[in-house]
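A short write-up of the structure that comes next.
Values below: every heavy atom of this structure, side chains too, minus hydrogens, waters and symmetry copies.
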Amino acid sequence: MDEPPFHLNIYQANVLDAGALSILRVAAERERYPERAETIGDEFAERCSAYFRAQLDARPTVVFAWLATVDTTVVGSAALTLATSLPRPMGGRDALDGRIRGVYVDPHARRRGIAIALVRAAIARARACGVSRLTLGASPDGKPLYEKLGFVRNDDEMVFAPRG
């Protein structure tokens, strides 16, 4: 049976969208860590909302975010963070790193191209900003989607996790 038609809108978020971005961030983290979902609540939501309010209003802008709506319901989000980097031999005047973060689509809205549209918006902004290296973290389910968009797997990245 075919899916009913829907109206997808991807738009760049602003300070007024901090609450919606926070709600989706909480949902994503609860899904990612179901064993501690009950502890991911109001305090985390407020920290997320404060973060997005501050970052989306900062100048220069180093955090961009997008929301996806289907009809009038917010169903997904993604963010792009920018950071200056060490000069690279092939990097031009200034090296700028970008990282796509927090790509999330409500489970009821998945498999409809929403995540791809969100990531494409982030890639377009990264290009417009002159990003020379763009990365993201991917769940096993997300890897094929990101590969379709031109990302390649890189197994040499390490994450610092101090003990004790």
In the single-linkage hydrophobic clustering (I, L, V, M, F, W, Y; side-chain heavy atoms under 4.5 Å), do [X] and [Y] co-cluster?
X: Leu67; Y: Tyr51; result: yes
X: Leu118; Y: Val131; result: yes
X: Tyr33; Y: Leu24; result: no
X: Val26; Y: Phe52; result: no

Donor-acceptor list for residues 77-84 side chains, cut-off 3.5 Å, not counting sequence neighbours:
{"residue": "Thr81", "atom": "OG1", "partner": "Arg99", "partner atom": "O", "Å": "3.4"}

How long is the span from the [atom1] atom in [X] to the [atom2] atom in [Y], to the nearest 0.5 Å?
X: Leu145; Y: Phe151; atom1: CG; atom2: CZ; result: 9.5 Å
X: Tyr146; Y: Ile123; atom1: OH; atom2: CD1; result: 10.0 Å
X: Leu21; Y: Trp66; atom1: CG; atom2: CH2; result: 11.0 Å
X: Tyr104; Y: Ile23; atom1: OH; atom2: CD1; result: 11.5 Å
X: Asn9; Y: Ile114; atom1: CG; atom2: CD1; result: 11.0 Å
X: Ile10; Y: Thr69; atom1: CD1; atom2: OG1; result: 7.5 Å

Discussion item. Side chains of Thr61 and Arg59 only: does a donor on one sit below 3.5 Å from an acceptor on the other?
Written reply: yes
Worksheet entry | Presence of salt bridge, Arg30 and Glu35, under 4.0 angstrom | no
For [X] and [Y], work out which heavy atoms get closest and say how close.
X: Glu43; Y: Arg47; result: OE2-NE, 2.7 Å
X: Val75; Y: Ala109; result: CB-CB, 3.9 Å
X: Ile100; Y: Val119; result: CD1-CG1, 4.0 Å
X: Ser132; Y: Ala95; result: OG-CA, 3.9 Å

Discussion item. Per the side chain to side chain donor-acceptor pair (under 3.5 Å) rule, what does the pair list look like for residues 20-29, sequence neighbours excluded?
Written reply: Arg25-Glu29
Item to complete: Count the heavy atoms of every other residue, nucleotide or ligand shown that sit under 6.0 Å from CG of Asn154, and state whether that count exceeds 12.
Response: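 Counting neighbours around CG of Asn154, more than 12 heavy atoms of other residues, nucleotides or ligands fall under 6.0 Å, so yes.
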Discussion item. Is it the case that atom CZ in Arg110 sees more than 12 heavy atoms from other parts of the structure closer than 6.0 Å?
Written reply: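 Result for CZ/Arg110: enclosed.
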Worksheet item: For Leu8 and Arg112, what are the C-alpha separation, side-chain angles and deciding distance, and is it a side-chain contact (heavy atoms from CB on, under 4.5 Å)?
Response: CA-CA 9 Å; Leu8 174 63; Arg112 297 167 86 179; over 6 Å; no
Fill in: Step-by-step side-chain contact (heavy atoms from CB on, under 4.5 Å) determination, Asn14 to Leu56
CA-CA 6 Å; Asn14 63 45; Leu56 296 176; 5.7 Å; no
Worksheet item: Tell me, which pairs form a salt bridge (charged side-chain N to carboxylate O under 4.0 Å, His left out) where one or both residues lie in residues 141-152, sequence neighbours left out?
Response: Glu147-Arg153
